[in-house]
Amino acid sequence: MADYRPQQLDKKWQQLWTSSLAFEVEADAKRPKYYCLEMFAYPSGHAHVGHVRNYIIGDVMARTKRLRGYNVLHPFGWDAFGLPAENAAIKTGTHPETSTLDNIAHMKGQLQRLGISYAWGREIATCQPDYYKFNQWIFLKMFERGLAYRKRSTVNWCPSCQTVLANEQVVEGACWRCGTTVVTRDLEQWFFRITAYADELLKGLDTLDAWPEKVVVMQRNWIGRSEGARLEFPIAGADTKVRGARLQADPADPVRGVRLEADPTDAIEVFTTRIDTIYGATFVLLAPEHQMVDRFTAESRDPAAFRARVAKFRALDRQARLTGEIEKEGFDTGRKAINPFTGELVPIWIANFVLAEYGTGAIMGVPAHDQRDFEFARKYGLPITFVVQSAAEVPAPDSMQEAVSAYGRLVNSGEYTGEESPSIKTRMIADAEKTGIGKGEVQYRLKDWGVSRQRYWGTPIPIIHCLKDGTVAVPYAQLPVELPKVPSFSGRGDSPLAQVPEFVNVTCPTCGGPARRETDTMDTFVDSSWYFLRFCDPKNSELPFSAASTVYWMPVDFYSGGVEHAILHLLYSRFFTRVLRDVGLLTFDEPFTRLLTQGMVLKGGAVMSKSKGNVVDPDDMLTKYGADALRLYVMFVAPPEKEVEWSDAGLEGSFRFLLRVWRLADHWAETIGGEGIPTCGDDCTGAERALRRKTHETIRRVTADIEERMHLNTAVSSLMELVNELYAFSEQTAHGAPRRGEPPVACTERTQTVGVLREAIDALVLMISPFAPHTAEEMWYALGNAGGLARAAWPSFDPEVARATEVVVPVQINGKVRARLTVEAGLSDDELRERALADAAVRTHTEGRTIRKVVVAKGPLVSVVVA
RNA sequence: GCGAAAGUGGCGGAACUGGCAGACGCGCCGGACUUAGGAUCCGGUAGCCGAAAGGCUUUGGGGGUUCGACUCCCCCCUUUCGCACCA
C-alpha cells in the first residue's frame, strides 16, 4: 500500500463498480430482497450536502444489507417535471427539457462521485414519455373507476400573470412572482377522489409501526376524521316570534327587514360532533359561500345591501385566512330556523369564520359549550343556554367567562336531561334518524386532490372534449399523449398547451368528429406517487410495472427523505398504492414499511439555499478530502433524523480518522494479509483475548446500530473505539504502533497475534465499508482478500468470544459509587453481596453503621443502604 | 391558543429495558519524534476544594416516586417543529 490518496481511490473504484455492474440486480426468488430507497430528486442543478446526506444514509443501509446477504434494490431517479424549469424558461428562454436534462446530468455526476451504490440501469426521469405514459395510464384507470372526475372549484388566480397559482405560490395574498393581489376564480378542474379511501388511509396508519410517530400523527390530523351527525334545521317564516332573542328588528338596517314567506320544506343542514349539546343550540351560522345565502339575499328587502355585506365577508375571509387571525364577525339574515330537538326558533346568521368547504357549510351555534360560538354570541348579544354540566355548579349564562366544552351530565335537555354524554350521543343520533331530522355521519378534513395545472412542464391529461360525446378518454393504444414542443414561454395566457393548435385540435375517439384536447397538465405529485413501483420494472412498455416484479421487490423496506413530504407525497403514494391494488396490479396496502425522516444540514444556523448563499457544494469537499471523509463525517456528526450544523473542522477530523485506519491497514497488511485466515482462539494472551472481545462487541454494536436503531453516528464511534484499541494493541507487539513515514518492519509475531489482528482488521474494514466504500475496497484488496467487497460477507458476532471473563462491579452506598470490585464473571447475587460487603473501601463507609438493605442489580451492580 | 419533540462539558453528541453520566469526535493543554510541525504517535481535559489520596457539586429550574433517575410522574422556563377557527 502507499500514501492515502482518496481522490485516486474514488476514481478507481467507481470505475470498477460501473464496469462490473456491481449494483445492478435482478429479482431472485431464492434470495431475500431488500428494497432501499431515498426520495428521488428534483433536478435543480446542484445537490448540496443537505441533499446528499439523505443519499448517504440510504447508501450505508444498502451497502450494509448487501454484505448481510440480501438482494438489494437501490435505485435512483428524477422528479423531472415542475414549475422551476418552466419559470426559468420564461426568464431565459431555455426550453425546460434542455435545462432539466442538463441538470440531471450534472447531479448524476455528483452522486456518482460520492460513490452512492445505485442501480443506474433502472434510472428514471418523470419527464420522459415512457414514464409519463403511465401517469396517463393510471389516470385513465382512475377515470374509468370514477376516481378521476371534473368539477368546478375555486382556485387562486393572478390577474397579471393570467395563470392559476398553487396555494404555496400565494404569499400574503399576492402573487409570488409579480406581487399582484391574487383573486379567486371558479374553474373546471380535475380531481382524484382520495376521499373515497379516507377511512382506509386512516386505518392503515395503525400498521405503520416503523414510521416516525410524528408523521403518522400529521397524516391522521390531515385526514381529520370526525364522527357526528348531519341535522336539519327547517327554515321558518320571519314573522314568527323568536324565543329569547334580544335583537329587535331594526328598520334602519335593511338586512334585518326580511320578507315573510315561510317554506317548511326548506331546511339548513348542519354538521355537528356534539349532538349532545343541541338543546343549547340558540342560533345557526352559515358560511358566506353557503347556497342558501343567495336565496336569502334575493328575498331580503334590500338585496343590494345584503349582497354587499356578504361580498365583504367573502373577500375579507380570503385575505384574513392567508395572513392569519381574523376577528369573528357576522350579521343576522333576519331569518329563523327551527331547532329540530327543542322546536324553538333560532336566528340564522352569516359568519365569516364558518368554512364553506367543511361539513355542510353551516353549523348550529352552541355558545355555552363551544368557545367560538361563545365569542360570537357575546359579541352580538345572542342567547346562551347551558345544557351539559361537567362541574358541580351550573354557571349563570350571563357570568360565564368562556365556553365549557367538557362532557358531563345533560341538563335542560328535555327527555335527555340527566343522561351522560358522550354516551348519550348514539341514542340522540338514532332518535334523529327515527324522526327523519338527521343521521349519523362521518366527516373528513381531507379533500379531494385537485390535479389540474395550467402549465406546460407536466404530464398532459389524456382526455378529449367532444361537443357530442362529452369527456372522452384517450384510448390506451394512443398513449402517451406527448408534450408538444413549445418554442417560447411567455408565462401569460391560458395553459401553454392551449396555444398549440396541432395539440388541441383532434378528432373524437368515439365519433370521429372534431374535438378539443384537454390542455391542463397533471400536478407533479402524480409522478412521485408511484415511481417507487416503476423501479421494480422500469423498462416495461405495456404496463406501469408487472405485478410479478412488485410481488418480489415491494414494499419498500427502507425509505428515507425529508419530513416536508410527511403529508403530501407520502399520503398520495399510500392512496395510489391502494388504487393500483384495486386495479389488480398490487397485492398489498402500504408501500413503505420503514420510514426515516432525515434532518437538514444547516450552515450558519440556516437551511442551505442558493438565495442565502450558504450552500456547501459536495464537490469542493471531494476535491479536498475525497468522498469517504465526507460520507463518514455526515454520518458521524449526529443521528440521521437530527438537524445538524455543517462544520469544516468536523470533516477534517473524519479525514484524519480514515488516515488512521489506512495507516493501520498499511502497517499490518504484509504481516497478516494473504489468502486464508489464520485462526485465533486457543492459548491467547490476555491482551489478545481482550482484542477479540472488543472486535466481537463492536460487531454486535455496529450491526444493531445500523440495522435496528439507525444510529449511524454511534456505529461510527464504535468503529473508532475499535481502531483506538487496535493502536493500543499494536503498541505492545513487535511491530509497534503505526507511525507515519516508517515502513512496516518485518518483525515476527505470534501466530495468535496475527490471527487476532486479522480478525479485527478484516471486521473493521468490512464494517467501515458502507461508510467509506472506496477506502475499504482498497484496504480489503491490500489485505489479500479475493474478489472485492462485492463477494464479502458481513462479520458475524460470536457471543462466546464477546463474553467477558471478569467484570467490574460498582458498589453504591446510599446511592453513591464508593468502590469498584473486579471479579470473575458469573458470580451469584449472594457471592456478589458478600464480596461487596467485605471490600475495604466499602467497609470504611459501612463501619459503625447499620446496613439497612443490600440490592444486587443486573449490570451487575451492588447497592448498599446504611443508616 | 392546541399538539408533539427536545434541553447533557468550550462545541457536535453518547448513555440500548430505571443501574458506573459525559462514550466517540472537534477544540484546547502537555509530552514524544523532529531542522520544523499546522503532520504523526502518546497522555490530559465537566466544575469546585485538595500536593495527593480523596471529597463535594453536576444532565434547563423546582418538587416527587425509588436502594438507585439524563431516563418515570407533577409544576414551571426555553427552543424547534406541526396544526391553527375543521363545528
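Every chain is numbered from 1 and lettered A, B, ... according to where its sequence line falls, protein lines coming before strand lines.
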Subject >> Side-chain donor/acceptor of A:Lys214 to base of B:C81, under 3.5 Å >> reply: no

Original post:
Pick the nucleotide of RNA chain B nearest each of A:Arg225 and A:Ala638; which residue has the one closer to the 5' end?
Top reply: A:Ala638

Original post:
CD of A:Glu731 versus P of B:A32: gap in Å, rounded?
Top reply: 16 Å

Report, one pair per line, the protein and nucleotides 52-55 of chain B atoms (nitrogen or oxygen only) whose separation is under 3.5 Å.
{"from": "B:G55", "atom 1": "OP1", "to": "A:Arg818", "atom 2": "NH1", "distance (Å)": "3.3"}

Original post:
Excluding sequence neighbours, so at least two apart, what forms ring-ring contact (aromatic ring centres under 6.0 Å, His included) with A:Phe271?
Top reply: none

Original post:
Do side-chain atoms of A:Asp705 reach the backbone of A:Leu712 as a donor and acceptor pair under 3.5 angstrom?
Top reply: no

Subject >> Atom-pair distance (OH on A:Tyr358; P on B:A87), nearest Å >> reply: 4 Å

Kindly give the atom pairs (protein nitrogen or oxygen, nucleotide nitrogen or oxygen) under 3.5 Å for nucleotides 73-75 of chain B.
none

Original post:
A:Glu697 has an atom CD; how far is it from atom P of B:C16, in whole Å?
Top reply: 14 Å

Original post:
In the 5'-to-3' direction, what one-character label does each nucleotide of nucleotides 23-30 of chain B receive under the scheme B = base within less than 4.0 Å of a protein heavy atom, S = sugar-phosphate only, - = no such atom?
Top reply: BBSSS---

Original post:
Roughly how many Å is it from CZ in A:Arg220 to C1' in B:C2, rounded to a whole number?
Top reply: 17 Å

**OP:** Kindly write out the residues that satisfy ring-ring contact (aromatic ring centres under 6.0 Å, His included) with A:Trp211, not counting sequence neighbours, or none if the list is empty.
**Re:** none

Subject >> Distance, rounded to the nearest Å, where A:Tyr444 contributes OH and B:A87 contributes P >> reply: 13 Å

Sort me out a list of protein N/O and nucleotides 64-67 of chain B N/O pairs below 3.5 Å, or just none if empty.
{"from": "B:C67", "atom 1": "OP1", "to": "A:Lys853", "atom 2": "NZ", "distance (Å)": "2.9"}
{"from": "B:C67", "atom 1": "O2", "to": "A:Ser863", "atom 2": "OG", "distance (Å)": "2.6"}

Subject >> A:Lys328 to A:Phe376, cation-pi by 6.0 Å centre distance and 45° axis angle >> reply: no

Subject >> Which nucleotide in B:U57, B:C42, B:A87 has an atom nearest any side-chain atom of A:Lys816 >> reply: B:U57

